[in-house]
Amino acid sequence: MANAPTSSRFFARITALKLLNAFLGAWTLAVFAFLYVPIAVLVVYSFNESRLNIIWQGFTTRWYTELLHNAPLLTALKNSLLIAVFTTFFAIVLGTAGAWLLYRYQFRATRLIHALVSIPMIMPEIIIGISLLIFFTTVSLSLGFTTVVISHVTFCFPFVLVAVQARLQGLDPSLEEAALDLGATPFQAFWRIIVPNLRPAIVSGGLMAFTLSMDELIVTFFTTSAKSATLPIRVFGMAKIGLNPMLNALSAVLILATIASMLFSGNLKKLVMKSA
Amino acid sequence: MSASARKVDPARIEIRDVTKRFGSFTAVDRVTLTVEPGEFLTLLGPSGCGKTTLLRMLSGFETPTEGTIHIGSEDVTHLPPYRRNVNQVFQSYALFPHLSVHENVAFGLRMKKLERDEIDRRVAEVMQLVALQGFEQRRPHELSGGQRQRVALARAIVPEPEVLLLDEPLSALDAKLRRAMQIELKRLQRQLGLTTVFVTHDQEEALTLSDRIAVMNAGRIEQLGTASFVYHQPSTPFVADFLGEANLLQAEIVGREGEAARVRTQQGWELTIAAPENLNGAKRVVISIRPEKVLVSKQRIEAGNVFPARVAEELFQGATDRLTLQTSGGVKLTAIVANESAIREAIHEGDEVFCGLHEDDLVVVRADE
Amino acid sequence: MRPTSRSFSSRRAGLRAWLLLLPMLVWLAAFVVVPMGILLVYSFCQRDDLGRVVFVFSWENYARVFDPTYLAIFGRSVAYAAVTTVICVAAGYPVGYYIARRSEKRRNQLLLLVMIPFWTSFLVRTYAWITILKNDGLLNGMLQYTKLISAPLDIMYTPAAVIIGLVYAYLPFMILPIYSSAEKLDNALVEAAYDLGAGPVRSFAEVIVPLTWPGIAAGMLLVFVPAIGMFAITDLMGGARVPMIGNVIQNQFFQARNWPFGAALGVVFTLLFAVSYALLQRRRVWEEE
């Protein structure tokens, strides 16, 4: 058995790999626990009778009812939804058109334009926030709904643009030519052929813009007014004061909404893929 | 859509002195070409020869830098693609993935704002023509390669174009399907009497399908003629080499004997060739002979030029044998002989043989003063 | 060479293309370029006693930025962000790598589990930790209930709490890019390393890490840069005890009302961001070559 030492080393290695794999699995489990335990606690304690989180005092849905009757929070939610809808619309228009034009034509400054587009994506939010605040003050645009939408569109549309651009790379470049060849004008070719084929990217980019807008705190912080305060602004204010079971309830609702929209978009993705 | 029901007659294409430059690169260089109504013309050449650019100027995706293009009586040089009565089958087919087969085929008719009934009737007709009835509601990704190809073809012919353009439409198919589609394509083109311009780099496809072939190289048309003429009488070494296979021999003219000329190759071989008129005054020539025209036998054979040679290499190719012959003068010739070993005396590597070249098969592809 | 095949579909932009792109360009100019310019201008201005901006050129704000107090805050912000990034890489790398090595079905399930916190509002997630770590929060409650401690531990409003909050907020941003580059890693390369005699540690250090570096670098960008300027988490988890650059900037704009100084802090922060971005980008390009 001349090769005995080699083969035992070989088995040692296999065992080492198995151990490594087990370790990685355990580590992943631990990280998931770290990510989910606080969320789970938050949701569970949203049903706790006690105002304090320390001890379970019995099941209640009281905080959810209170949430439904809290006017400032509901107004903030309405503001957030409205802002997110407008933001998503403009982000989709700007992002889709921009992606198509940058893909379709060679602009003399294509690289510069791409760099410009990426700035709002990578720039720290606080810089975007203060520069827009100073800008709105300089041009005497009073802070409120409009300024928040402008700020949100500014950092959201590049995400749509990037998503659409990725999809365009995978599209047959002859599709547009085929449409033109069959008598479609450039606009018809874009609207009837290109846009339907970009739909999955537009949907996911739009969803991204919507979520980013709904969750945004920092930029909004600098560009909003008390009247147009968004949900994150209100939540931030409340969380600063201290614990509030209503916040637990609200958080639970928001988490549920996130999960639902993710499952929905996953299904949507599948649906679109099936039909495309 | 029978030929008689067509409302649009096939048109003549006149390309006059067309040049297309991309920056400093000249893709198409002063090309003049007329395609007759109903003709099947092939632009043949290696990639980068300008054939695709020329086609794209016909469809309107490129505008000539110089020169004009007429389709029928209309000057279309600067007309955008959607204003031309020309339709194209794309190399990738470019079927719209989000539309059904029916919607794909109907697209061009809808762009023409035809009535719904009319659209449905014509789509049904063309689907029958390409034998795709029953597939109307499928999506392109649910079709096989050959079916997609037929949808692309149906989509291009249903608007009744004056000219049909085909950009390597068969290149994505496997060999067997390609042959079947060649036959179908030719049948349809004949039946509809469409003026057709076909772009390919596949010489076999060009020979099978075309009424005339324009062999292109470096932006120019090297030779234009019927398939058999271009094959048998290549006018340049490039054409001889690109279209089929060719043995090219460089030689010097040493004497004239009426209709024939005596030449001596670089290696000192003397050959008699048929001398066309244009050879007058030429001193050096390049001669081409097709491998299948090289006669090979163990017995001495009757031909204008006969030489002893040795079989340096033999390659079995199924129906044929490919032989590399080494002549005593140091010339290497490729010969392709029918593989009928039962009847024919078997020829093998190392055999001493005679090779014969008929005068008429030796074609002058270049003559220099 | 086929210069022709795409030349129509990506031909030179004419007047019409420029006109169509104009809205986006105007948007970027008006709401990105011009505001940044004004920020720069403000940073050289002064303010009067009422907090109004006086347009008189001065280096004063920058001199103040380099005052030890503020330098210390900058240093602290960078240090906290760096610690957060290191913890995220250490905790997130095994997860991203592990997920990438699973079967496709399992991979998608695990990815969904990363995506949910990724898309959940960071405020909600930060609040979750507040309910746990507060003096009257769950952790202290449990510890006291089980008589492990007699007085509540002060965890909230300590550097540790801030780090926990930052790591918790940014960990998914590290896992996802690491996952996507680990997923592209050809398993044959890892096997080749084993085959050539490298043990798990050496193949990890010499094959796996270099090949997944683009993901690590992208994750570092996504964590480090925002973590420097993040003021909400430090506000909520650290209170006023550990002010970060983000808190100071925010303070200049709202409480202290010294916009020019806030702008100067912003400009310096932008430079800091640009440098770290360039460094990480450059390393990435170099690695990919």
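Naming convention: chains lettered A, B, ... in sequence-line order (proteins, then strands); numbering from 1 in each chain.
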Side chain, backbone, both or neither of [X] within contact of chain A (heavy atoms, under 4.5 Å):
| X | value |
| --- | --- |
| C/Leu20 | both |
| C/Tyr168 | both |
| C/Pro94 | both |
| C/Ile99 | side chain |
| C/Ile175 | side chain |
| C/Ile116 | both |

As an exercise: rank [options] by heavy-atom pairs under 4.5 Å with chain C and give me the winner.
| options | value |
| --- | --- |
| A/Val139, A/Ile259, A/Val235, A/Leu133 | A/Leu133 |
| A/Ile255, A/Leu132, A/Leu20 | A/Leu132 |
| A/Pro38, A/Ser251, A/Ala30 | A/Pro38 |
| A/Leu29, A/Leu161, A/Val153, A/Leu250 | A/Val153 |
| A/Leu35, A/Thr211, A/Val31 | A/Leu35 |

Counting only heavy atoms closer than 4.5 Å, note whether [X] contacts chain C via side chain, backbone, both or neither.
| X | value |
| --- | --- |
| A/Val37 | neither |
| A/Met214 | neither |
| A/Leu24 | both |
| A/Ile119 | side chain |
| A/Thr28 | both |
| A/Ile150 | both |
| A/Phe32 | side chain |
| A/Pro232 | both |
| A/Leu231 | neither |
| A/Met123 | both |

pair [X]-[Y]: side-chain heavy atoms closer than 4.5 Å:
| X | Y | value |
| --- | --- | --- |
| C/Val32 | A/Phe135 | no |
| A/Ile113 | C/Leu25 | yes |
| A/Leu102 | C/Leu21 | yes |
| A/Leu247 | C/Thr131 | no |

Q.
Just to verify, what does C/Tyr97 make a side chain to side chain donor-acceptor pair (under 3.5 Å) with, not counting sequence neighbours?
A. none
**Q.** Residues forming a side chain to side chain donor-acceptor pair (under 3.5 Å) with C/Trp27, sequence neighbours excluded
**A.** A/Thr154
Q) Using the benzene-type ring in the case of Trp, are the ring centres of C/Tyr98 and A/Trp27 under 6.0 Å apart? A) no
Q: Quick one: sort the A/Phe221 and C/Phe254 rings into parallel, tilted or perpendicular, breaks at 30° and 60°.
A: perpendicular
Q) When the ring planes of C/Trp129 and A/Phe34 are compared, do they come out parallel, tilted or perpendicular, using 30° and 60° as the limits? A) tilted
Q: Check for a donor-acceptor pair, side chain of A/Tyr36 on one end and backbone N or O of C/Leu113 on the other, with a separation under 3.5 Å.
A: yes
Q: Could you tell me which residues satisfy salt bridge (charged side-chain N to carboxylate O under 4.0 Å, His left out) with C/Arg202, sequence neighbours excluded, listed by chain and number?
A: C/Glu206
Q. In Å and rounded to the nearest 0.5 Å, what is the CG to CZ distance from A/Leu254 to C/Arg125?
A. 12.5 Å
Q | Residues of residues 244-252 of chain C with any heavy atom under 4.5 Å of a heavy atom in chain A | A | C/Gly246, C/Ile249, C/Gln250
